[in-house]
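What follows is a short report on a single structure.
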Protein chains: 2
Amino acid sequence: MGVTIKDIAKETGFSVATVSRVLSNKVGFFSQDTAAVVNAAATKLGYKKNMAATELVTQKSSVIAVIVNSTKTNFSDPIIEGIQQKAAESDKRVIILYAGDHDATSQRRALSTALERPIAGVLLLSVDLFEENLQLLKTAQVPFRFISISFKDSALNYVASDDQQIGYLATKYLIKMGHRCIGLAGIDIESSAHTGKMRLAGYKRALAENNIPLQKNWIQTGNYSYEAGLLAMQNYSNQKCISAVITGSDLVGIGLLNQAAKLHLSIPDDLSLITIDGTYLCRIVQPQLTSVTQDFYHMGYLGAEYLISDQQQNAFTDVKISERESVKKLTL
Amino acid sequence: MGVTIKDIAKETGFSVATVSRVLSNKVGFFSQDTAAVVNAAATKLGYKKNMAATELVTQKSSVIAVIVNSTKTNFSDPIIEGIQQKAAESDKRVIILYAGDHDATSQRRALSTALERPIAGVLLLSVDLFEENLQLLKTAQVPFRFISISFKDSALNYVASDDQQIGYLATKYLIKMGHRCIGLAGIDIESSAHTGKMRLAGYKRALAENNIPLQKNWIQTGNYSYEAGLLAMQNYSNQKCISAVITGSDLVGIGLLNQAAKLHLSIPDDLSLITIDGTYLCRIVQPQLTSVTQDFYHMGYLGAEYLISDQQQNAFTDVKISERESVKKLTL
DNA sequence: AAAACTATTGTAAACGTTTACTGTAAGTGA
DNA sequence: TCACTTACAGTAAACGTTTACAATAGTTTT
């Protein structure tokens with residue numbers, strides 16, 4: 001379709017080799033005069049390099065494929081920004097593929113789209129790969145890393161937050177603020193990703209360290225969604241004991257918040273709330289949500305870095321408590 | 001790097017031509033027996049087609065590049081879902097490129113990433129292209145469409161909402177609810193995209209039709225952001241006249257809502273609010289925001305459809321009022 | 001039984017690049 | 001002057017596919 005180096009060669013009288021050399025800037029292989037002529041012709045004709053051809057012959061690519069699941073993960077934006085930043089620094093390109101909402105077929109389609117062309121590597125943003133698709137990815141001779149999701153199986157490299165620590169920190173913070181009856185809501189402890197299980201473990205550890213016996217119905221599992229928050233609050237409403245809850249995501253937290261309002265419970269006066277994630281959503285609701293904040297940007301940056309420089313290690317990014325308005329200090 | 005059809009040819013004893021034919025399913029050009037053998041070998045060796053090579057020789061591609069600007073456009077998700085849906089139906093692939101936040105360089109990088117390889121077309125999601133980048137796009141011989149942004153220049157094809165009508169509808173609705181002093185906040189009327197200007201025009205028309213003289217400071221421009229909402233509310237606070245405002249995006253609306261709370265104004269009792277967009281954000285704040293709701297999903301679907309079937313027309317998708325809790329009916 | 005067709009396969013060129021190998025002319029050092 | 005570099009440019013093969021064309025064997029038609 002478009003203009004090729006052949007056209008430029010014809011136009012300028014040079015061979016395609018020479019044209020290719022100036023256009024891909026192989027310094028030392030052409031004179032300045034030649035370069036000027038060739039470049040002029042290139043812009044005049046509106047030349048655009050065909051990367052497919054380049055990648056075919058060089059057998060390498062500078063594009064990183066990022067797979068995200070479209071389930072409303074409102075934190076994928078900062079992760080992607082981190083990736084973009086690192087990619088730009090390393091002169092890589094980034095393409096993003098949507099893998100649907102935990103749907104094997106569209107997950108597979110996204111993966112294929114990525115793998116069926118030369119790419120430098122793939123980054124998976126909190127996508128919990130189906131076994132078959134993981135196989136697909138493994139057999140492709142392409143480096144890959146998971147971001148914002150970790151595994152027991154340490155054969156899989158990831159950059160994520162330490163979910164055990166998240167659960168632990170949130171719980172300890174609440175205890176420090178005087179709470180003893182602490183709920184944990186909206187986390188998924190069935191999934192093959194062990195995010196939920198780890199958070200639960202951290203929560204239990206903090207409770208145990210403070211000699212607080214865990215009551216079974218303090219834990220309300222869910223899929224990190226807004227609706228899970230609504231439901232969890234509903235279930236908590238008939239247990240007067242609970243004075244604070246930890247929510248598995250900002251959306252869960254907001255769900256809880258809104259359902260609490262419907263039940264005429266005021267936050268933080270009647271119930272304290274700390275949420276996990278700390279995205280911008282925490283700041284646009286009232287009251288603003290105190291959170292265990294993850295460093296998503298850095299997660300993306302680091303994930304890209306490890307992928308690009310082929311470091312095999314896993315990493316945890318920092319996590320911190322951001323105090324806002326949803327936790328009340330209890331005094332005895 | 002990977003397994004090629006040559007390897008399969010060697011493995012099975014057939015020529016590469018035959019292998020290619022069965023693998024790309026050119027029915028009628030091979031026997032079932034052959035197909036079985038070849039396919040078996042392909043899966044055994046873990047063959048993965050190199051699309052770059054295919055696209056090179058066939059001179060066509062099945063991938064649609066979607067360019068989005070990363071500025072927190074919380075409505076891009078449903079648009080992308082619509083695109084994905086149509087693409088899946090038409091057996092196309094979708095890749096997404098982030099064009100930064102109104103930054104010419106990263107916009108250019110995204111565009112180049114797309115154009116430097118064979119693609120079927122490009123879809124631009126509410127990205128206001130810099131002139132130079134528009135030229136770049138035009139000279140590439142690739143079909144493109146804009147989504148969720150419209151232009152005076154009708155040479156540029158788009159699928160969007162009718163912003164004139166949006167402004168008109170919102171205003172008329174408020175008037176019907178008894179309001180006479182109506183603000184318009186957070187819209188950008190400087191941009192080359194005429195979204196803001198059109199909304200303003202619709203607003204003015206509705207006002208004029210109802211013989212309401214427009215006061216200059218009813219209009220608070222901005223860049224559709226949360227902060228713009230905060231600021232607008234601040235500016236409204238010393239004009240007691242205003243009883244309702246139209247906000248240029250859900251985030252602007254939420255900004256207004258929160259700033260109003262800070263000023264001890266209750267919505268909708270002290271001030272009514274209707275926002276433009278109607279994304280999920282309207283439903284997770286308190287009170288839930290009444291909105292002029294755009295059909296983003298359909299916008300994406302239609303944009304993809306027009307691109308794929310090469311229809312040159314522009315289109316407006318439907319827009320409707322979603323009554324929620326932020327508008328109060330005034331009775332005289 | 002010759003002619004004509006059908007089904008299946010192979011040969012080789014093409015897509016747009018890059019790059020190892022050559023070639024050539026001018027410059028350098030003795 | 002001659003051997004040796006150096007700077008620049010051209011030739012051709014290669015990357016992994018697809019596909020027009022040709023070839024073969026078998027089958028059908030007459």
Side-chain angles (χ1 to χ4, degrees), chain A residues 1-39 41-42 45-63 112 115-120 140-142, chain B residues 1-39 41-42 45-63 112 115-120 140-142:
Chain A
M1 30 186 78
V3 181
T4 75
I5 53 172
K6 263 184 206 159
D7 299 315
I8 298 181
K10 208 163 290 168
E11 173 89 5
T12 60
F14 289 105
S15 70
V16 293
T18 299
V19 173
S20 167
R21 283 190 275 247
V22 353
L23 258 21
S24 51
N25 206 32
K26 292 272 172 298
V27 274
F29 285 93
F30 53 84
S31 72
Q32 289 313 306
D33 294 355
T34 307
V37 174
V38 170
N39 284 322
L45 299 180
Y47 172 74
K48 207 144 290 146
K49 183 188 285 216
N50 183 334
M51 278 304 206
T54 303
E55 291 170 346
L56 187 56
V57 52
T58 60
Q59 297 282 73
K60 66 172 79 149
S61 166
S62 64
V63 355
S112 299
L115 299 177
E116 281 177 351
R117 62 203 70 229
I119 50 173
Q141 299 296 335
V142 173
Chain B
M1 33 186 76
V3 181
T4 75
I5 54 172
K6 262 183 207 163
D7 299 315
I8 299 180
K10 207 163 291 169
E11 173 88 6
T12 60
F14 288 106
S15 71
V16 293
T18 299
V19 173
S20 167
R21 284 191 273 246
V22 353
L23 257 22
S24 51
N25 206 31
K26 293 272 171 300
V27 275
F29 285 93
F30 53 84
S31 73
Q32 287 315 304
D33 294 356
T34 307
V37 173
V38 170
N39 284 322
L45 299 180
Y47 171 75
K48 207 145 291 147
K49 182 187 287 217
N50 184 333
M51 277 306 206
T54 304
E55 291 170 346
L56 187 56
V57 53
T58 61
Q59 298 282 72
K60 66 172 80 149
S61 166
S62 64
V63 355
S112 298
L115 298 178
E116 280 177 351
R117 64 203 67 232
I119 50 173
Q141 299 295 337
V142 172

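Chain naming here is simple, since letters A, B, ... match the order of the sequence lines and numbering starts at 1 in each.
Residues B/Ala52 and A/Ser31 both approach DNA chain D. Their nearest nucleotides, taken by heavy-atom distance, put A/Ser31 toward the 5′ side. Mapped onto DNA chain C by nearest heavy atom, B/Ala53 and B/Gly28 fall at different nucleotides, with B/Gly28 at the one closer to the 5' end.
Distances were taken from every side-chain heavy atom of A/Phe30 (C-beta onward) to each of D/dA9, C/dT8, C/dT17; the shortest belongs to D/dA9. Candidate nucleotides D/dC8, D/dT19, D/dC15 were compared by shortest atom distance to the side chain of B/Lys26, and D/dT19 ranks first. Nearest nucleotide to the B/Asn50 side chain, out of D/dG16, D/dC8, C/dT9: D/dG16. Which of D/dG16, D/dA9, C/dT17 sits closest to the side chain of A/Phe14 comes down to D/dA9.
Computed from coordinates, the A/Met51 CE to C/dT18 C1' distance equals 13 Å when rounded to whole Å. Atom OH in A/Tyr47 sits roughly 7 Å away from atom C1' in C/dG16 (whole-Å rounding). The separation between A/Leu56 atom CG and D/dT17 atom P is 9 Å, rounded to whole Å. One atom, CZ of B/Arg117, and another, C1' of C/dT17, lie 14 Å apart when rounded to the nearest Å. If you measure from atom CD of A/Glu116 to atom P of D/dT17, you get 11 Å, rounded to the nearest angstrom.
Between C/dT18 and A/Gln59, no contact under 4.0 Å exists linking OP1 or OP2 to a side-chain N or O. Side-chain nitrogen and oxygen atoms of B/Lys6 include none within less than 4.0 Å of the OP1 or OP2 phosphate oxygen of D/dT17. The side chain of A/Lys48 places no N or O atom within less than 4.0 Å of a non-bridging phosphate oxygen (OP1 or OP2) of C/dG16. In this model, the phosphate group of D/dC15 is not approached by any side-chain N or O of A/Thr58 to a distance below 4.0 Å at OP1 or OP2.
In terms of heavy atoms, A/Phe14 sits closest to A/Val37 at CE1-CG1, 4.3 Å. When every heavy atom of B/Ala120 is checked against every heavy atom of B/Ser61, the shortest pair comes out as CB-O, 3.4 Å. Residues A/Gly2 and A/Asp7 come closest through the heavy atom pair O-OD2, 4.1 Å. Nearest heavy atoms, B/Phe30 versus B/Asn25: CZ-OD1, 3.9 Å.
No donor-acceptor distance shorter than 3.5 angstrom exists from the side chain of B/Ser20 to the backbone of B/Val16, with no hydrogens or angles considered. Between the side chain of A/Ser24 and the main chain of A/Lys26, no donor-acceptor pair closer than 3.5 Å is present.
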Could you run through nucleotides 23-28 of chain C and give me one letter per nucleotide, 5' to 3': B if any protein heavy atom sits under 4.0 Å from the base, S if only the sugar-phosphate is that close, - if neither?
-> ------
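No side-chain heavy atom of A/Lys49 sits under 4.5 Å from any side-chain heavy atom of A/Leu23. The closest side-chain heavy-atom distance from B/Pro118 to A/Asn50 is below 4.5 Å.
Listed in residue order, the members of residues 15-22 of chain A having a heavy atom less than 4.0 Å from DNA chain C are A/Ala17, A/Ser20, A/Arg21.
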